[in-house]
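Below, chain A is the first sequence line, B the second, and so on; all start at residue 1.
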There are 2 protein chains.
Amino acid sequence: MTVPTGQCCAPIAREPLAEQTAAELAVMLKAVADPVRLRLLSMIGSHAGGEACVCDLTGTFDLTAPTISHHLKVLRTAGLIDGERRGTWVYYRIIPEAVNKLGALFAPLAGSVPEPASQAAVGRTELELLPA
Amino acid sequence: MTVPTGQCCAPIAREPLAEQTAAELAVMLKAVADPVRLRLLSMIGSHAGGEACVCDLTGTFDLTAPTISHHLKVLRTAGLIDGERRGTWVYYRIIPEAVNKLGALFAPLAGSVPEPASQAAVGRTELELLPA
DNA sequence: CTTCTACTTAGATGGCCTTCTATTCAGGAG
DNA sequence: CTCCTGAATAGAAGGCCATCTAAGTAGAAG
């Protein structure tokens, strides 16, 4: 028994992903699988106050405003960020639950170095994959 | 100070991703951002013995063998899996470090519920993003 | 050596995706 | 009201990607 068959690894390595689950996750992953969108998500998430104005984002890239707007829409459609207009500017913020869902997919892979497992149930949302 | 500016969230929300880092991560994410490849990765990772023969994978999909082979090559090129031929069959296995790298990107996002942070340094590889 | 099976490579096709320019919408200022 | 700025939408062009069929390679078996 090389693998204990209990819960040992990342959800993705625990049991085969159902077809529909994979399709749903792929939508989110596809939104993040772009250098520009990945940086946008990172810039929004790391911005002071947890939110960033579009005007803070456009200057960083050699892209036109409509292109940035398009990428933001992709992220928003995938449920990763949310936008709100306040006066002249539009502010975007990360939706933590969505990001956590991606993290939980790959996160706790014990791998070749089986850690002492000292933080079993701390209130994480590791298994909340299906109730999308 | 709404955000402590210390290490609080997922790496992606801690500081803006560098351009090159985002490009490298996007390659890996793009490999995973496909329903078929996501299921392939899951099937390989969850297979008994930690490895799966190609013949075990082809039957699950309504796709031709060359298409499956193509997807496996994408996953292998991205560094997510590794393949080995033993006799007649070819066996693929997951590369845990690569999957961990994706997990670490999104994983420990405290989000709206700041947990007591009881598992600061357990030996995780959370910060091993840049030394790709 | 020939043949069969498992898998990969080569090349082509259709669709999706990123980016642009041009236009439109939303709010504030004069 | 009119003008200006910030942002989104519309539509088009070009490239990339998933999939297929056809052909090639690797190993076992007769």
Respond yes when some side-chain nitrogen or oxygen of [X] is under 4.0 Å from OP1 or OP2 of [N], and no when none is.
X       : N      : value
B:Tyr92 : C:dA6  : no
A:Thr67 : C:dT19 : no
A:Ser69 : D:dA8  : yes
B:Thr88 : D:dA28 : no
B:Arg86 : D:dG27 : no
A:Arg85 : D:dA8  : no
B:His71 : D:dT19 : yes

Does the [X] side chain pair with the main chain of [Y], one donor and one acceptor, at a distance under 3.5 Å?
X       : Y       : answer
A:Thr21 : A:Leu17 : no
B:Thr58 : B:Ala65 : no
B:Thr67 : B:Leu63 : no
A:Arg76 : A:Ile81 : no

May I have the distance from [X] (atom [atom1]) to [N] (atom [atom2]), rounded to whole angstrom?
X       : N      : atom1 : atom2 : value
B:His70 : C:dA6  : NE2   : P     : 23 Å
B:Arg39 : D:dA18 : CZ    : C1'   : 16 Å
A:Ile81 : D:dA7  : CD1   : C1'   : 13 Å
A:Leu63 : C:dT19 : CG    : C1'   : 8 Å
B:Arg76 : C:dC7  : CZ    : P     : 13 Å
B:Tyr91 : C:dA6  : OH    : P     : 12 Å
B:Lys73 : C:dG11 : NZ    : C1'   : 13 Å
A:Phe61 : C:dT18 : CZ    : P     : 14 Å

Cation-pi between A:Arg86 and A:Tyr91: NZ/CZ under 6.0 Å from ring centre and within 45° of the ring axis?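 Yes, cation above the ring, under 6.0 Å and within 45°.
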Residue [X], side-chain heavy atoms: nucleotide from [options] that is nearest:
X       : options               : answer
A:Trp89 : C:dT9, D:dG6, C:dC20  : D:dG6
B:Pro66 : C:dT8, D:dA7, C:dT19  : C:dT8
A:Lys30 : D:dA18, C:dC17, D:dT9 : C:dC17

Between A:Leu72 and B:Asp62, which is nearer to the 5' end of DNA chain D once each is assigned its nearest nucleotide?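 Residue closer to the 5' terminus by nearest nucleotide: A:Leu72.
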